[in-house]
Amino acid sequence: MQTKDFATTVLSWQKQHGRHDLPWQQPATPYRVLVSEIMLQQTQVTTVIPYFQRWMDTFPTLETLAQASEDEVMALWQGLGYYSRARNLRKAAQYLVQEFNGKFPNNLDELLSIPGVGPYTAGAIRSFAFNDYGPIVDGNVKRFFCRLFGIEGDTTRSAVNKQLWNKAADLTPSHNNRHFAQGLLDIGATLCTPANPDCARCPFRSQCFAYKHNMQKELPTPKAKKKVPVRKSHFLLQRSGHSIQLEKRPQPGIWAALWCLPELSEAPASAQLAAEFEHTFSHFKMRASIWSLSQSEQVAEEAPHNPQCWVEQADVADYGLPSPIKKVLPKLWEQD
DNA sequence: CAGACGTGGGT
DNA sequence: TACCCAAGTCT
C-alpha cells in the first residue's frame with residue numbers, strides 16, 4: 001500500500017469517525033500535548049481526563065509547573081500510577097524553561113532529551129503540537145499494524161519493534177500529521193480493539209491480513225505471561241491526636257516520592273495488627289500488614305533515612321499517597 | 001535486553 | 001474471579 005493511499009484512508013476515516021473532543025485537543029498547545037501524552041502512557045483515556053483537567057487548573061503553564069514543588073506535583077498525580085512520570089514531567093518543565101527559554105523544540109533529538117519523553121511521545125509532540133512529520137508507535141498502532149500487515153512475534157522484541165517503527169515511518173505523511181496521528185490512535189482504540197475488533201466498520205478490512213486469515217485473536221502475538229511473586233510488607237501506624245505519621249518513600253522503588261506510612265523491614269515484636277490489605281502491581285503482589293504500637297513504645301524508632309511528618313486528618317488530601325494506603329486510611333482513623 | 005514501574009477499566 | 005492490558009520510559 002502506498003503512503004498516500006494509507007494516509008488518505010486514515011484521514012478520511014478520522015474526519016468522519018475519529019475523536020475530536022478530547023480535552024487536550026483544544027487547544028493542542030505543546031505544553032498541553034506534553035502533559036496529556038505523559039499521563040496517557042500506559043493509562044486509559046477515561047482515567048486521564050479528570051487528572052488532565054485538574055492539572056491544567058493547577059498548573060496552566062510550563063512556568064507554573066516549573067515552579068511547583070515535588071510534593072504539590074505528586075499530590076495531584078496520586079492515584080494515576082507510574083509516579084516517575086510526575087517527577088519527570090516537573091523536571092521536563094524546569095529543563096524546558098532553563099534550556100529552551102520555555103519554548104518547545106520541534107526536532108526529534110531535542111524532544112528526546114526531555115525527561116520522560118521517549119520515541120513515542122516525541123513523535124506525538126511533533127504530530128499533535130506542531131502538525132509536523134512525527135511517526136508514532138504505541139500499543140494501538142502495534143495492534144493495528146500487526147493485524148493489518150500480518151506481523152508476528154513478540155512486539156517487545158527489538159526486531160519486531162523496529163519493523164513496526166519502519167512501517168510507521170514509511171506510512172506517515174508529510175502533511176496533516178495531527179489528524180493522521182489521531183486517526184491512527186483512534187482506529188486502534190475504537191475499531192481494532194484487543195478483543196472483538198469491529199472489522200465491519202474498518203476501512204482497511206479488504207487489505208487486512210488478520211481479517212483475511214481470521215487471525216484477529218492471534219495477532220498481535222500474545223505475550224508470554226509470567227506469574228507475579230508475593231512480597232510481604234509491614235507498615236507502621238503512629239497516631240497522635242488527630243494526626244498521623246507519614247514518611248516520604250525513597251527513590252528508586254515502588255511509590256517513590258509519595259508519602260506513606262513508614263515501612264518496616266519486619267513485623268514489630270509487640271504490636272497490634274491495625275489493618276491488612278493486598279495490592280497487585282504489574283510485577284508483584286504486596287501482602288501488607290499495618291501495625292500500631294502501644295503509647296509507650298512509640299518513640300522507639302531508629303533515625304529515619306527519609307523525611308517524616310505528622311499530618312492532620314483534614315490535611316491528608318494535600319499529600320500524594322499510594323492508592324491502597326489512601327483507601328485503608330478511613331479504617332485507621334476510626335481506631336483508638 | 002529484561003525488569004521496574006501503578007492503577008483501574010473491561011471482559 | 002482472574003486476567004489482560006492501556007497514547008511507554010528508564011535503567
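In what follows, chains carry the letters A, B, and so on, assigned in the order in which the sequence lines appear, proteins first and then strands, with residues in each chain numbered from 1. None of these values were measured; they are calculated from a predicted model.
Residue A:T121 places at least one side-chain N or O closer than 4.0 Å to OP1 or OP2 of C:dT9. Side-chain nitrogen and oxygen atoms of A:W255 include at least one within less than 4.0 Å of the OP1 or OP2 phosphate oxygen of B:dT7. In this structure, A:S158 reaches the B:dC1 phosphate: one of its side-chain N or O atoms is under 4.0 Å from OP1 or OP2.
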Does A:Y31 form a ring-ring contact (aromatic ring centres under 6.0 Å, His included) with A:F104? I'd like the steps, not just the answer. CA-CA 8 Å; A:Y31 174 61; A:F104 273 71; 7.4 Å; no

Could you please spell out the steps behind the salt bridge (charged side-chain N to carboxylate O under 4.0 Å, His left out) verdict for A:R90 and A:E72? CA-CA 10 Å; A:R90 173 168 169 270; A:E72 287 178 281; over 6 Å; no

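Look at the C1' atom in both C:dA7 and B:dA2: the space between them is 23 Å, to the nearest Å.
When distances are taken from the side chain of A:Q182 to each of C:dG8, B:dG6, C:dA7, the shortest belongs to C:dA7. With B:dG8, C:dA7, C:dG8 as the choices, the nucleotide that has an atom nearest any side-chain atom of A:Q42 turns out to be C:dG8. Here B:dG6 is the nucleotide among C:dA7, B:dG8, B:dG6 with the atom lying nearest to any side-chain atom of A:Y82.
Residues from residues 315-329 of chain A lying near DNA chain B, meaning a heavy-atom separation below 4.0 Å, are A:P322, A:S323, A:P324, A:K327 in numerical order. The stretch residues 274-287 of chain A touches DNA chain B through A:H279, A:T280, A:F281, A:S282, A:H283, each having a heavy atom within less than 4.0 Å of the strand.
For the pair A:M39/A:W24, no side-chain contact is recorded, criterion being any heavy-atom separation below 4.5 Å from C-beta on. Taking 4.5 Å as the limit, some side-chain heavy atom of A:N177 sits within range of a side-chain heavy atom of A:T172.
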Please enumerate all protein N or O atoms sitting under 3.5 Å from an N or O of nucleotides 1-4 of chain C, with distances to 0.1 Å.
none

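Cation-pi check for A:K327 over A:F277 is not met; the charged atom does not lie both under 6.0 angstrom from the ring centroid and within 45 degrees of its normal.
Between A:W13 and A:H17, the angle of the ring planes lies from 30° to 60°, which puts this pair in the tilted group.
Atoms CG (A:N161) and P (B:dC1) sit 9 Å apart, rounded to a whole Å.
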